[in-house]
Engineer: 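Structure in structure tokens, see below.
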Amino acid sequence: MEFNLSEDHQMLADSLRRYLADNYDIETRNAAAFEAPYHSAETWSGLAELGVIGAFLPEDQGGFGGTAEDVSVIFEELGRALCAEPVLGALIGLRLLADAGRDELAAAVIEGRARVALAIQEPGIGCDLDPLSATARKDGDGWRLDGRKSAIYGGPGADHLLIVARIGAGGGQGGSQDGTLGLFLAETPALIDAAMVDGGGIADLAMEDLAAECLSEDAGAAIEDALDLGRIALCAEAVGAMARLIDMTVDYLKQRNQFGRPLASFQALQHRVVDMLVELEQARSITIRAVADYGSDNQARAVSMAKNLIGRAARHIAEEAIQLHGGIGMTWEYPGSHYAKRLVMIDHQLGDKNDHALRLIKLQPRKDAA
Amino acid sequence: MEFNLSEDHQMLADSLRRYLADNYDIETRNAAAFEAPYHSAETWSGLAELGVIGAFLPEDQGGFGGTAEDVSVIFEELGRALCAEPVLGALIGLRLLADAGRDELAAAVIEGRARVALAIQEPGIGCDLDPLSATARKDGDGWRLDGRKSAIYGGPGADHLLIVARIGAGGGQGGSQDGTLGLFLAETPALIDAAMVDGGGIADLAMEDLAAECLSEDAGAAIEDALDLGRIALCAEAVGAMARLIDMTVDYLKQRNQFGRPLASFQALQHRVVDMLVELEQARSITIRAVADYGSDNQARAVSMAKNLIGRAARHIAEEAIQLHGGIGMTWEYPGSHYAKRLVMIDHQLGDKNDHALRLIKLQPRKDAA
Amino acid sequence: MDLSFTKEEQAFRDEVRRFLRDNLPREIAAKVSAGKELEKDEILHWQEILNRKGWLATTWPAEHGGPGWTAVERHIFAEESARASAPRMPPFGLNMLGPVLIKFGSDDQKARILPRILDGSDWWCQGYSEPGAGSDLASLKTRAVRDGDHYVVNGQKTWTTLGQHANKIFCLVRTATEGKPQEGISFLLVDLDTPGVEMRPIRLIDGGHEVNEVFFTDARVPVENLVGKENQGWTIAKYLLTHERTNIAGVGFSARDLERYHQLAQELSRDGQPVADHPVYALRAAEIEADLEAMSITNLRMLAQARDGAAGGVESSLLKLKGTQIRQEIQDLYRSALGAQAAPDAEDLSENELTVPVDAARAAPVYFNNRKLSIFGGSNEIQRNIVAKELFRG
Amino acid sequence: MDLSFTKEEQAFRDEVRRFLRDNLPREIAAKVSAGKELEKDEILHWQEILNRKGWLATTWPAEHGGPGWTAVERHIFAEESARASAPRMPPFGLNMLGPVLIKFGSDDQKARILPRILDGSDWWCQGYSEPGAGSDLASLKTRAVRDGDHYVVNGQKTWTTLGQHANKIFCLVRTATEGKPQEGISFLLVDLDTPGVEMRPIRLIDGGHEVNEVFFTDARVPVENLVGKENQGWTIAKYLLTHERTNIAGVGFSARDLERYHQLAQELSRDGQPVADHPVYALRAAEIEADLEAMSITNLRMLAQARDGAAGGVESSLLKLKGTQIRQEIQDLYRSALGAQAAPDAEDLSENELTVPVDAARAAPVYFNNRKLSIFGGSNEIQRNIVAKELFRG
């Protein structure tokens with residue numbers, strides 16, 4: 001039983017933290033996060049050089065890491081610095097690319113020479129993939145795709161798009177779907193780009209006869225796996241952001257006076273901060289559980305527990321932080337407001353707390369682990 | 001728009017409050033509430049003499065009231081005094097008795113000469129009556145009943161039992177049931193008596209070939225009506241008990257010192273009491289809505305809203321009151337603990353907050369009332 | 001006990017509805033419904049329509065150009081306006097300065113200022129809060145020093161809502177430093193084009209510009225712009241705070257928002273079923289609906305108390321506390337219902353690029369913007385303090 | 001990062017399980033599982049079994065008869081014991097007085113008292129709290145005045161858990177009234193059969209008798225019953241409070257209770273479907289399960305910190321805060337699941353009159369009894385104060 005980071009992970013965390021502290025203050029962040037292409041090419045190269053992208057793949061796939069712990073160590077630091085770069089999209093895309101044996105393209109992504117994103121979600125999808133309805137059909141040697149994709153994280157400016165579409169399906173959203181989930185690769189077609197409310201790029205894609213290459217005709221399990229790793233990344237990111245936001249709140253309460261005494265001396269406020277701290281510790285713990293169980297029989301259960309708990313905790317901490325800051329917490333200029341926004345909006349990615357509660361209910365209870 | 005009590009209702013409330021203050025302190029209450037027959041014959045006569053039972057019926061049925069407001073005025077006072085007498089059972093039973101035209105027996109109940117209770121619930125029933133499975137079949141001139149009844153409020157010591165059983169059903173709990181709900185009357189057979197955890201009498205009944213007289217072969221609507229009125233009674237009772245418990249909590253915090261200053265001066269505790277007060281005002285308001293809508297198209301919706309909101313508010317107030325009192329709130333000797341128990345357990349009667357939330361979801365949204 | 005409105009009140013409600021149906025410009029209602037900021041012209045347009053009808057200054061007595069409504073009529077008007085997505089009229093001139101002048105102002109001030117509020121010649125904004133003071137008015141630092149027939153004002157105000165549209169500001173300023181901190185405060189009217197007055201925008205969490213900072217550097221303000229007596233400002237501020245405020249619970253807004261939620265929940269699907277049928281959402285919506293129904297009765301109860309002259313500051317604190325919680329809960333529910341579709345910033349997308357109803361596209365920014373409800377205008381912590389003070393008195 | 005237990009620790013867990021399976025009397029486990037109070041004999045019976053195995057005084061070093069376990073082993077033992085519904089051993093002699101004597105006691109006290117704790121000759125109870133003092137130890141009033149080679153004790157203690165079974169009590173008493181209030185406190189051992197000592201039962205909210213009041217009237221206590229030095233009691237009390245307390249989060253109990261809930265939810269129906277399939281219950285159970293899973297990791301993290309010598313008082317406050325909340329939530333869920341069937345007092349019914357599983361029949365009293373978790377042993381408000389003090393330090 002060991003909860004301290006290994007020396008290697010500690011070094012990774014330290015160097016990433018240092019890099020972001022030196023090169024990525026909130027003004028840099030906001031300048032990049034809200035204007036097309038919704039990220040900074042410079043920061044992106046910096047992260048790639050640090051080995052952040054490569055850490056998402058194991059050595060036999062050309063990376064230098066690849067465990068869920070590598071992912072969580074990195075994302076906790078990204079969260080602490082409120083990094084809005086398209087790392088989530090790269091993580092999920094890269095894993096699927098590597099699984100499909102596209103080593104050369106994967107290497108380019110790792111080195112920051114190319115960016116990849118995943119088009120999987122469709123409007124109205126939480127975390128259940130059964131209702132996905134975009135379709136793929138053979139066309140000579142290649143394939144043609146039809147349907148609407150949305151929530152393509154890191155889509156704006158991505159060089160390559162991985163697209164999930166159903167092969168051999170009757171089509172039509174709503175019921176249970178036939179066929180398999182195929183994974184396709186395309187040079188990025190014209191996307192509908194937007195900033196996310198909390199910064200960073202997102203895109204939609206309307207596909208009509210879109211030509212694409214098929215990487216796998218039955219990628220359902222690989223996709224679930226990559227998404228679960230993405231969920232772990234989001235949880236770790238939330239933990240980093242929550243920790244930082246609580247620190248900011250404590251600092252603010254200490255330094256700000258009202259009615260002639262520091263806000264920090266008001267017991268009602270103190271107790272609320274303590275409850276935020278309790279939620280943070282719980283969030284950290286459940287993320288540890290999800291990291292530990294990634295790749296095990298308990299993966300889906302642990303990941304959904306984490307995503308559910310963190311969805312609740314992140315909203316609670318974000319709302320309390322704004323409230324305890326008072327007016328200043330409502331301003332764009334104060335960094336805390338952007339942390340709060342990120343923490344609320346993180347629940348909108350890869351299935352929210354309710355989606356994951358329902359997934360939990362459907363899963364079998366865990367066999368006694370001890 | 002008028003929220004003050006009418007003069008008549010104010011007099012009724014005052015006289016009942018005075019009677020209970022003079023004759024029903026917490027020792028008297030607890031001595032009666034936890035030992036068979038789980039109520040006090042003397043208090044019961046006193047309440048009947050005051051006209052409390054008669055107020056549940058309109059004049060044309062031999063009473064002197066009969067509106068939902070009569071019921072709520074009385075139950076709020078009963079709640080304030082934590083009255084554990086079997087008034088709820090009498091209310092529901094009496095309404096059904098009167099609906100069935102049993103004026104003579106109804107008169108005896110009003111005058112306190114007889115007590116009646118209703119056997120309707122069965123183990124595993126929330127507030128949906130469809131799964132009721134006790135059955136009735138004709139046997140010569142009379143009827144025979146079979147099945148298990150539970151949660152007969154005020155059952156212990158009741159002289160007459162109204163029993164609900166299904167006529168013409170296939171039987172078997174679980175699916176949707178055929179047939180109608182019949183209402184039957186019997187001299188009270190042997191019951192399985194118990195105190196309720198929070199005081200007062202409750203009983204179960206195992207029926208095997210139980211002979212009974214049929215009052216109505218299709219009483220479904222009348223039963224729902226009587227139950228909704230019972231729910232309003234419980235809501236009003238909760239409002240009275242909450243108001244009293246909050247008063248007790250405020251008094252305690254004012255008078256008790258810790259770390260050299262009154263507990264009432266601790267801001268964290270103050271804010272929690274304010275939140276209790278907010279819940280009380282909300283509970284009072286939703287009860288007013290349910291009272292006003294009793295008998296209208298919106299009855300079921302308003303009653304379920306009230307029962308749901310009050311289930312949540314009552315638990316919150318009860319738990320906070322215990323917590324804010326500290327150790328003393330945990331003792332049997334302190335009256336507040338019994339108020340807290342009643343407030344928590346009230347949600348277990350006539351459908352709890354979850355049952356009523358589901359009922360609300362099934363009901364059509366309300367037409368614009370304005 | 002009687003929940004119903006009188007026949008006259010019901011007829012009044014019908015009249016208000018008809019008026020709104022016939023006169024509220026559709027484009028304006030659509031923007032309000034989608035949570036978009038209105039242009040100044042749009043607000044003034046609606047103001048003019050209301051003023052022409054005589055329904056603008058709802059709290060003013062008839063002699064000053066108000067409609068002479070009862071508290072109940074004001075409530076009905078506010079509720080219907082919210083439900084119809086009419087713009088909320090900025091309260092600074094109409095509901096704050098107006099009543100203050102009517103009670104504390106000189107005849108000259110009343111004659112000079114009130115008509116210009118009504119006809120839109122002046123747009124007033126509020127200079128109460130200061131950086132580092134928040135809800136603690138007693139600690140305010142902006143100084144006004146008498147110099148001949150002027151005050152010389154130095155200091156800074158903040159959270160000045162819609163100040164960018166205003167040409168005038170009413171301020172609390174410190175005119176004495178001796179004695180209790182509350183006793184040295186005065187209520188002063190300032191032209192925003194006075195030299196030495198500068199307004200700067202504050203961008204809020206959702207990116208919108210609705211509040212501002214105002215800086216005063218040796219700004220010279222004529223003494224006739226003092227309202228009431230010198231050092232009487234605390235009394236005026238308290239009058240404003242405890243003055244019966246229509247619609248403080250925002251029940252009308254919450255009702256409209258919840259209606260919009262129900263509509264959205266029918267239109268949106270999640271994992272192949274309508275969000276409306278999703279048990280988690282259905283349960284939460286049902287409970288919020290019960291809370292709101294209770295709130296609307298609580299609101300009427302307090303309104304009846306106000307009508308009967310029995311309402312105090314505690315009631316409006318309770319209304320604000322729970323009213324803002326419910327409104328924020330609804331907006332959380334609304335945002336949540338959109339799932340992944342809440343993420344894109346609608347400003348970057350055209351209508352035909354949206355995958356959600358136009359009205360819903362700004363759900364997340366609206367949710368963030370409305371975190372202000374429990375902070376501005378006396379935070380919910382301050383409201384709890386006010387209630388606790390009364391509750392634990394003696 | 002590594003969540004797994006070592007091979008040795010896993011082997012130890014297996015050994016504990018085997019031991020519990022083979023040695024825990026079934027009737028005793030059944031009573032514990034149903035939330036019933038145990039008789040003194042039953043507790044002593046289990047104590048004897050544990051003592052024979054050498055597993056009784058889990059926190060004592062081997063030289064005094066403890067098993068010499070690591071923090072992790074103690075955790076495993078506590079978790080398995082809770083899961084198996086083994087009685088929770090009263091901590092007063094074993095986990096409180098024992099460690100105090102080992103650290104502060106004289107050799108004579110150790111030799112005389114420790115063995116009698118192990119073999120059950122003495123049952124100790126605790127005299128800390130006083131009426132009107134609650135968690136505020138500095139204000140305690142029970143006086144011990146030196147008179148020759150005795151202290152004369154006067155005052156009153158309360159919330160003395162299981163005092164009815166005890167023959168001895170350890171008390172905090174005031175031995176000096178000058179200086180800071182904390183500085184005049186001493187730690188004193190008292191025979192309960194000393195003339196002038198009287199114990200009276202306190203009945204708790206659920207009707208049960210587990211705590212007591214103790215009255216001291218001119219009770220003469222030999223000076224050799226003083227532990228440590230006179231006026232050193234505050235140091236000892238703090239040692240006890242911050243001393244690593246195994247299982248303060250009660251994760252094992254919560255896990256057992258949640259398992260029982262899931263079983264019950266399968267067996268019970270509500271409106272024609274199993275409670276387990278009822279969306280409201282299923283959702284809440286799932287979220288509580290996530291909370292508990294997180295808590296169990298939080299517990300292990302703090303345990304690893306303790307193992308590595310880095311844990312402080314804040315950690316145990318956090319564990320107690322959230323641990324008790326989760327446990328109380330589970331008991332609320334359990335009680336709620338019974339619907340109307342939670343109402344009858346099971347004491348009045350025989351087993352064949354019950355319509356719910358025997359284990360569930362006392363759900364409501366158990367829920368009420370466990371409101372104590374967030375009050376006794378330092379209320380959750382006190383725990384929040386402790387954490388806040390650390391958090392807002394400097």
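In what follows, every heavy atom counts, from backbone to side chain, and hydrogens, waters and symmetry copies are set aside. Each chain gets a letter, A, B and so on, in the order its sequence line appears, and its residues count up from 1.
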Engineer: Give, as side chain, backbone, both or neither, the part of A/Leu269 having an atom under 4.5 angstrom from any heavy atom of chain C.
Structural biologist: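 The side chain, not the backbone.
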
Engineer: Could you measure the distance from the CG atom of C/Leu349 to the CG atom of A/Asp204? Nearest 0.5 Å is fine.
Structural biologist: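 If I round to the nearest 0.5 Å, the distance is 7.5 Å.
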
Engineer: Could you tell me which portion of A/Ile322 (side chain, backbone, both or neither) has an atom closer than 4.5 angstrom to a non-hydrogen atom of chain C?
Structural biologist: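 Both the backbone and the side chain of A/Ile322 come within 4.5 Å of chain C.
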
Engineer: If every non-hydrogen atom of C/Ala340 is compared with every non-hydrogen atom of A/Ala151, which pair is closest and at what distance?
Structural biologist: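 Distance-wise, the nearest heavy atoms are CB-CB, 4.1 Å.
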
Engineer: Using non-hydrogen atoms only, which part of A/Asp347 is less than 4.5 Å away from chain C: side chain, backbone, both, or neither?
Structural biologist: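 Nothing of A/Asp347, per the 4.5 Å heavy-atom cut-off to chain C.
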
Engineer: Below 4.5 Å, heavy atoms only, C-beta onward: do A/Val197 and C/Pro365 meet side chain to side chain?
Structural biologist: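 Heavy-atom side-chain distance check passes, below 4.5 Å.
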
Engineer: Non-hydrogen atoms of chain C under 4.5 Å away: do they reach the side chain of A/Asp128, the backbone, both or neither?
Structural biologist: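 Contact with chain C: backbone and side chain both.
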
Engineer: Taking C/Ile205's backbone N and O only, do any of them form a donor-acceptor pair with A/Lys341's side chain (distance below 3.5 Å, no angle check)?
Structural biologist: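 A pair under 3.5 Å: yes.
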
Engineer: Checking A/Leu350 against chain C: side chain, backbone, both or neither under 4.5 Å from a heavy atom?
Structural biologist: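 No part of it gets close to chain C.
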
Engineer: Salt bridge check, C/Glu353 against A/Arg148: does any charged N sit closer than 4.0 Å to a carboxylate O?
Structural biologist: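 So A/Arg148 does not pair with C/Glu353 through a salt bridge.
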
Engineer: A/Ser150 versus chain C, heavy atoms under 4.5 Å apart: side chain, backbone, both or neither?
Structural biologist: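 It is neither, since no heavy atom gets under 4.5 Å.
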
Engineer: Short question: side chain of A/Asp352, backbone of C/Gly339 - any donor-acceptor pair under 3.5 Å?
Structural biologist: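 No; judged by distance alone, with no hydrogens or angles, the pair does not exist.
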
Engineer: Which heavy-atom pair separates C/Ile375 from A/Gln323 by the least distance, and what is that distance?
Structural biologist: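 Looks like CG1-OE1, 3.5 Å.
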
Engineer: Are A/Glu333 and C/Arg203 ion-paired here, with the side-chain N under 4.0 Å from a carboxylate O?
Structural biologist: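 Salt bridge: no.
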
Engineer: Quick check on C/Leu204 against chain A: is it the side chain, the backbone, both or neither that has a heavy atom closer than 4.5 Å?
Structural biologist: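 Contact with chain A is through both the backbone and side chain of C/Leu204.
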
Engineer: More than 12 heavy atoms of other residues, nucleotides or ligands under 6.0 Å from NZ of C/Lys31: is that the case?
Structural biologist: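 Yes, the 6.0 Å shell around NZ holds more than 12 heavy atoms from other groups.
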
Engineer: I'd like to verify something: which residue of A/Ala36, A/Ala318, A/Ala268, A/Gly327 has the highest number of heavy-atom pairs under 4.5 Å with chain C?
Structural biologist: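 Ranked by contacts with chain C, first place is A/Gly327.
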
Engineer: Between C/Gln341, C/His278, C/Lys372, C/Gln328, which has the largest tally of heavy atom pairs under 4.5 Å with chain A?
Structural biologist: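 The residue among C/Gln341, C/His278, C/Lys372, C/Gln328 with the greatest pair count is C/Gln341.
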
Engineer: Apply side-chain contact (heavy atoms from CB on, under 4.5 Å) to residues A/Met345 and C/Tyr367 and explain how you reach the verdict.
Structural biologist: CA-CA 11 Å; A/Met345 297 309 293; C/Tyr367 156 86; over 6 Å; no

Engineer: For a 4.5 angstrom cut-off between non-hydrogen side-chain atoms, does C/Asp206 reach A/Trp332?
Structural biologist: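 No, their side chains stay 4.5 Å or more apart.
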
Engineer: Counting only heavy atoms closer than 4.5 Å, note whether A/Tyr252 contacts chain C via side chain, backbone, both or neither.
Structural biologist: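 Neither part, no heavy atoms under 4.5 Å.
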
Engineer: Sort C/Asn369 into side chain, backbone, both or neither according to what part of it lies under 4.5 angstrom from a heavy atom of chain A.
Structural biologist: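 Contact with chain A involves the backbone of C/Asn369 alone.
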
Engineer: If only atom types and distance count, is the side chain of A/His348 paired as donor or acceptor with the main-chain N or O of C/Ala342 below 3.5 Å?
Structural biologist: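 Pair absent, no side-chain N/O of A/His348 close to backbone of C/Ala342.
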
Engineer: If you count heavy-atom pairs under 4.5 Å with chain A, which of C/Arg335, C/Arg384, C/Arg362, C/Glu347 comes out on top?
Structural biologist: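 Ranked by contacts with chain A, first place is C/Arg335.
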
Engineer: Could you go through A/Glu320 and C/Arg371, starting from their C-alpha distance and side-chain angles, then the distance that decides it, and tell me whether this counts as salt bridge (Lys or Arg N to Asp or Glu O under 4.0 Å)?
Structural biologist: CA-CA 10 Å; A/Glu320 287 289 85; C/Arg371 301 311 304 169; over 6 Å; no

Engineer: Does any backbone or side-chain atom of A/Ala195 lie under 4.5 Å from a heavy atom of chain C? Answer side chain, backbone, both or neither.
Structural biologist: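 Interface part for A/Ala195: both.
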
Engineer: Please check this pair: side chain of C/Asp271 against backbone of A/Ile125, looking for a donor-acceptor N/O pair closer than 3.5 Å.
Structural biologist: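 Side chain of C/Asp271 to backbone of A/Ile125: no pair is present.
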
Engineer: Got a sec: does the CD of A/Gln255 have more than 12 other heavy atoms crowding it under 6.0 Å?
Structural biologist: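 Yes, because the 6.0 Å sphere around CD of A/Gln255 holds more than 12 heavy atoms from other groups.
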
Engineer: Please report the shortest heavy-atom distance between C/Phe368 and A/Met330, naming the atom on each side.
Structural biologist: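 Scanning both residues, the minimum pair turns out to be O-CE, 3.6 Å.
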
Engineer: Could you check whether atom CD of C/Glu267 has more than 12 heavy atoms from other residues, nucleotides or ligands sitting under 6.0 Å from it?
Structural biologist: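 More than 12 heavy atoms, drawn from other residues, nucleotides or ligands, come within 6.0 Å of this atom.
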
Engineer: What I want to check is whether the side chains of A/Tyr38 and C/Asp348 have a donor and an acceptor closer together than 3.5 Å.
Structural biologist: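 On atom types as modelled, these side chains qualify, holding a pair under 3.5 Å.
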
Engineer: State the CD-OG distance between A/Gln258 and C/Ser379, to the nearest 0.5 angstrom.
Structural biologist: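 It comes to 7.0 Å.
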
